[in-house]
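Worksheet: the structure to be examined is printed underneath.
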Amino acid sequence: MSIELHSFTVALNAADPQGFRSRAEHRAWTWQAVSNLAKAVQAAGMDAEARLRGHDRSGLLLFEATDRGAAFLRDLPSVLRVEGHAS
């Protein structure tokens, strides 16, 4: 049995750098938010359903996830939106 994964872009809340005093503060916030999100996925036992593949400095993350994993990500309070990519 295989699990079909799709690519999703995940935007974090407060990803807008204008809400921070400096670019360094925004990068630090982004780094911590990405780490917290990865820990939440692992703690919920969803790491087989949603896999973090990368992120940029602005708070956009690339996940490979099942539909169930994407739904889980959408329900997290730190996530602003989850958008799928066409295969």
Which residues share a salt bridge (charged side-chain N to carboxylate O under 4.0 Å, His left out) with Arg81, sequence neighbours left out |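 Per chain and number, Arg81 pairs via salt bridge (charged side-chain N to carboxylate O under 4.0 Å, His left out) with Glu83.
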
Got a sec, which residues hit salt bridge (charged side-chain N to carboxylate O under 4.0 Å, His left out) with Arg68, two or more places apart in sequence or on another chain?
->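 Residues passing salt bridge (charged side-chain N to carboxylate O under 4.0 Å, His left out) with Arg68: Glu49.
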
Hey, could you give me the [atom1]/[atom2] distance between [X] and [Y], rounded to the nearest 0.5 Å?
X: Leu37; Y: Ser78; atom1: CG; atom2: OG; result: 5.0 Å
X: Leu61; Y: Leu12; atom1: CG; atom2: CG; result: 5.0 Å
X: Phe8; Y: Leu62; atom1: CZ; atom2: CG; result: 10.5 Å

Looking only at heavy atoms, which two atoms of [X] and [Y] are closest? And how far apart?
X: Ala65; Y: Ala50; value: CB-CA, 3.9 Å
X: Trp29; Y: Asn13; value: CH2-O, 2.5 Å
X: Leu5; Y: Arg51; value: CD1-NH1, 3.1 Å

Between Ser35 (side chain) and Trp31 (backbone), is there a donor-acceptor pair under 3.5 Å?
->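 The answer is no, because no donor-acceptor pair under 3.5 Å joins these two groups.
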
Could you tabulate the donor-acceptor pairs under 3.5 Å formed by side-chain atoms of residues 39-48, not counting sequence neighbours?
none

All side-chain contact (heavy atoms from CB on, under 4.5 Å) counterparts of Asp56, not counting sequence neighbours =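 So Asp56 forms a side-chain contact (heavy atoms from CB on, under 4.5 Å) with Ser58, Leu60.
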
Residues forming a side-chain hydrogen bond (donor to acceptor under 3.5 Å, both in side chains) with Asp67, sequence neighbours excluded =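 Scan of Asp67 (side-chain hydrogen bond (donor to acceptor under 3.5 Å, both in side chains), adjacent residues dropped) gives none.
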
Inter- and intrachain pairs under salt bridge (Lys or Arg N to Asp or Glu O under 4.0 Å), touching residues 22-32, at least two apart =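 Checked against salt bridge (Lys or Arg N to Asp or Glu O under 4.0 Å) - neighbours excluded - the pairs reaching residues 22-32 are Arg21-Glu25.
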
